[in-house]
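Note that ligands are numbered from 1 as they come in the structure, with each ligand's atoms numbered from 1 the same way.
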Amino acid sequence: MADERPLLMIVEHDVGLQKQMRWCLDRYELVFAPDRESAITKLRRYEPAVVLLDIDLPSAAHGSNAGFATFGDIVAFAPATRVVVLADPDDRSRALRAVAMGAHDVVARPFVAATLDTILQRAFALADLEREAHELEARRIAPVPLEGLLTRDPRMLDICRQIERFATVDVPVLLNGESGTGKETLARALHRLSSRRHAGFVAIDCAAFPEALSRVGPFADASDASGGAPPTPSASDDAAPWGTLFLDDVGELPPPLQARLARHLDRDAGGHARRRDGARTDVRVVCATRRDLRELVAQGRFRADLLDRLGETVVALPPLRERHGDAALLAHALARRTAERHRRRCPTLAEDAVDAIARHRWPGNVRQLSACVERAVVVTERATIHARDLRLAPGDDEAVLPNLRQARDEAERRAVLAVMARVDGNVARAASLLGISRPTLYGLLSRFGLR
Ligand SMILES: Nc1ncnc2c1ncn2[C@@H]1O[C@H](COP(=O)(O)OP(=O)(O)O)[C@@H](O)[C@H]1O
Ligand SMILES: [Mg+2]
């Protein structure tokens, strides 16, 4: 059974005092450290809330005061720890110095058991209160992503906060990131958070159907002869609220449409964009691109004035491989969602599958991961999904990130394969060439699935 008593670490070299403490401080689980080194090791291992420190710790060869040095270490490594100092009552300057360093209290040595106990209890009670306050605070500011998004990556969480801020101001937003990083997902989240959420979200694929732009109410031009539909009634109505216009792959927008967009995004004195016929366009434009638009401007393929207007606020989405821990987090969630959709029991992702997912480069980012997991869940009928069920393209592995065990496994696998080929499968010869026993080799062969 786990010890339920509060853990008290005591830095005390004197064996006699240790014995006395053991006897009178039995309400605590005691961890003793007789010197500075073990104090640091144990501080890290046990993370005690309270430390009782004998300030007259004998000093090492160099002569600097070991008691104060240990105190300094505790303050540096675990500043939240409450330190109760034991000191010689005749040496007031030491006691004062300990208080100046932030000691919770100073107790005279030899100590009165009841006094020491009262002081320690108060220290623990305050440490508890502090920890609770901390936890409450942590929960209050717990990072949550936006609706429809899963992430624990600090950069992505920052982006979520940024999107929340942009939602309340009517500025154009440019989302920049590789394919499948969640640009459209973020654009929709932005729309849902904005005051335009009750109006429409219109997405236009500028690479495939750029002409669609001339059919969107606020941008439709009465004088337009290009066959666009006539403006919708709401377009000529100043009061009609327009929603969000999402221009996907905006870098591919043909030059004439770029010109039109730039013109329409010109702000009037009141901060509202106006159509050429004077009607307010009043639509929020959110653009997405995989390209570096500045480069396209330099190549003369994108209008600089348009980039100026669209790029006032740029959000750069990191690729999935740079989001710490997100691939595995998403894989579990996607497996669950797919299983639910197919009314199946959710299979477990085996450790090797999670490893493989975490190591993969995912050039197609979340979209590719989603398709991969979905396929594996649908196709695999077993209760566990292994790495091989994922059918990941080799070579798309993140070479920089294997941990030591993976690196060792890979090196061993290669050595075993090479030697087995050389001895034509003779296990005894292979084992002696590899310098290992036959049972060890058998173990390796079955671990790598080479038998
Ligand atoms: N952080 C995320 N959490 C959950 N699903 C995501 C996330 N990012 C993207 N997706 C999903 O991945 C797919 C691709 O996202 P999308 O927003 O279309 O990417 P992009 O527009 O950058 O190509 C969508 O199905 C989307 O729901
Ligand atoms: Mg997209």
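- Ser179 and Arg367 are linked by a side-chain donor-acceptor pair at a separation below 3.5 angstrom, with hydrogens and angles left out of the test.
- A side chain to side chain contact (heavy atoms under 4.5 Å, CB included) with Val11 is found for exactly one of Leu43, Leu52, Leu57, namely Leu57.
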Please tabulate, for the side chains in residues 376-388, all donor-acceptor contacts under 3.5 angstrom to protein atoms that are two or more places apart in sequence or on a different chain.
residue : atom : partner : partner atom : Å
Thr380  : OG1  : Ala376  : O            : 2.7
Arg382  : NH2  : Asp389  : OD1          : 3.2
His386  : ND1  : Asp352  : OD1          : 3.3

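- For Arg301, the salt bridge (charged side-chain N to carboxylate O under 4.0 Å, His left out) test picks out no residue, with sequence neighbours left out.
- The side-chain hydrogen bond (donor to acceptor under 3.5 Å, both in side chains) analysis of residues 38-52, with sequence neighbours excluded, yields the pairs Asp35-Ser38.
- Within 4.0 Å of ligand 1, heavy atoms belong to protein residues Gly148, Leu149, Leu150, Glu178, Ser179, Gly180, Thr181, Gly182, Lys183, Glu184, Thr185, Leu330, Val366, Arg367.
- Glu178 is not listed as a side-chain neighbour of Trp362, based on a closest heavy-atom distance of 4.5 Å or more.
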